[in-house]
Novice: 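What follows is a single structure, and I will ask about it in a moment.
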Amino acid sequence: MYKFFVEDNQINNDKIVINNDDYNHIANVLRMKKGDTILITNKNSKETFNCEIEEVKSNEIVCNILNKENKKVELEVKIDLYQGLPKADKMEYIIQKSVELGVNKIVPVNMKYCIAKIKDEEKKNIRWNKISEVAAKQCKRNIIPKIDKSINMDTLYNEIKKYDLVIVAYENEENITLKTALRESAKIKNIAVVVGPEGGFSLEEVDKLRENGAKIVSLGNRILRTETAPIALLSMLVYEYEL
Ligand code: SAH
């Protein structure tokens, strides 16, 4: 079943009105008609409803709420990904796959060995958030993970202090594995995961992350590409916390 997101003001008692970009998608691309069913999530309350299309008008679609959908889709542990800024198309891949794997939010980070520099960040950020929204609809998430504006390392050192657990995937870590780090951690509600760019982390960056409470871990004996590492790491966390 197709899933769409709406704002509070599109919901009125047992009816939901779709009059934005999704109108075109539902009416003209999917050619849905009266009686067809869709899933609709309220962006604010994150509640999801099974709905039936009541009428496809020339500029809006009116849906009837049939019932509330209680299927669990979100991970119990919130995982935020801090990703060393990779080259452009890789970031898009990382966003799409991370959203499928349940990430809560993604923050691009400028690191010492980043090869890429973001040009026209305003535009890119809008595009990245759109990619997140499309992926969230496709995999039927109850939230649209936010893609933040990029931050620098000094901000990151501060930011990680608010998490129950901070995992840094480090290509040169030989002793501590992700498994060990997770076994050492008591019950947690949120995790920050940090992945380096194509050029990896500098020694100083790893030291400072450690000083600020991060656990530095290995994801295995092979070097993964910067776009593989977050996907592998998130899959491992889904295995740990959901399966
Ligand atoms: N240029 C570096 C590799 C960078 S890989 C080199 O040649 O050594 C990009 C990022 O993916 C790394 O910074 C790290 O965050 C993650 N990564 C890749 N392989 C990893 C592994 N085996 N264990 C932990 N993290 C890894």
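These numbers come from a predicted model, not from an experiment. As the structure lists them, so they are numbered: ligands from 1, and atoms in each ligand from 1.
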Novice: Which protein heavy atom lies closest to atom 4 (C) of ligand 1, and at what distance to 0.1 Å?
Specialist: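 It is Glu198 O, 3.5 Å.
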Novice: Which residue and atom name correspond to the protein heavy atom nearest atom 13 (O) of ligand 1, and how close is it?
Specialist: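 The answer is Glu171 OE1, 2.7 Å.
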Novice: Hydrogens and angles aside, do Gln83 and Thr226 bring a side-chain donor and acceptor to less than 3.5 Å of each other?
Specialist: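 The answer is yes; a qualifying pair exists.
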Novice: Using a strict cut-off of 4.0 Å, indicate which atoms of ligand 1 neighbour a heavy atom of Val217.
Specialist: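 With Val217 as reference, the close atoms of ligand 1 come out as 24 (C).
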Novice: With backbone taken as N, CA, C and O and side chain as the heavy atoms from C-beta onward, which portion of Tyr113 lies under 4.0 Å from ligand 1: side chain, backbone, both, or neither?
Specialist: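 Neither; no heavy atom under 4.0 Å.
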Novice: Provide, to 0.1 Å, the distance between atom 18 (C) of ligand 1 and the closest protein heavy atom, together with that atom's residue and name.
Specialist: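 The protein heavy atom lying closest is Leu224 O, 3.1 Å.
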Novice: What residue and heavy atom of the protein are closest to atom 15 (O) of ligand 1, and at what distance?
Specialist: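 Nearest neighbour among protein heavy atoms for atom 15 (O) of ligand 1, to 0.1 Å: Ala169 O, 2.5 Å.
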Novice: Counting only N and O atoms by type, is there a donor-acceptor contact under 3.5 Å from the side chain of Asn110 to the main-chain atoms of Asn152?
Specialist: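 A pair under 3.5 Å: no.
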Novice: In the protein, what heavy atom is nearest to atom 23 (N) of ligand 1, and what distance, to one decimal place, separates them?
Specialist: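 Sorting protein heavy atoms by distance from atom 23 (N) of ligand 1 puts Leu219 N, 2.9 Å first.
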Novice: Need the ligand 1 atom indices (1-based, order shown) with element for anything under 4.0 Å from a heavy-atom of Arg222.
Specialist: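 Near Arg222, the atoms of ligand 1 are 19 (N), 21 (C), 22 (N).
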Novice: What protein heavy atom is closest to atom 10 (C) of ligand 1, reported as residue, atom name and distance in Å?
Specialist: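 Its nearest protein heavy-atom neighbour is Gly196 O, 3.5 Å.
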Novice: Applying the side-chain contact (heavy atoms from CB on, under 4.5 Å) test to Val6, which of Ile40, Asn19, Thr41 qualifies?
Specialist: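 So the option named by the test is Ile40.
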Novice: For atom 9 (C) of ligand 1, what is the closest protein heavy atom, and at what distance to 0.1 Å?
Specialist: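 Answer for atom 9 (C) of ligand 1: Pro197 O, 3.2 Å.
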Novice: Salt-bridge test for Asp148 and Lys146: reply yes if a basic N is under 4.0 Å from a carboxylate O, no otherwise.
Specialist: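 Yes.
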Novice: Students should be able to answer this: which protein heavy-atom is nearest to atom 7 (O) of ligand 1, and at what distance?
Specialist: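 Nearest neighbour among protein heavy atoms for atom 7 (O) of ligand 1, to 0.1 Å: Ile223 CG2, 4.6 Å.
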Novice: Asp154 and Asn158: side-chain donor and acceptor closer than 3.5 Å?
Specialist: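 Their side chains do not contain a donor-acceptor pair, so the 3.5 Å distance test is not met.
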Novice: Under 6.0 Å from the ring centre and within 45 degrees of the ring axis: does the NZ or CZ of Lys161 meet both conditions for the six-membered ring of Tyr163?
Specialist: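 Cation-pi check for Lys161 and Tyr163: fails.
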Novice: Looking at Ala229, which atoms of ligand 1 are within less than 4.0 Å of one of its heavy atoms?
Specialist: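 Going through ligand 1 atom by atom, the ones under 4.0 Å from Ala229 are 11 (O), 16 (C), 17 (N).
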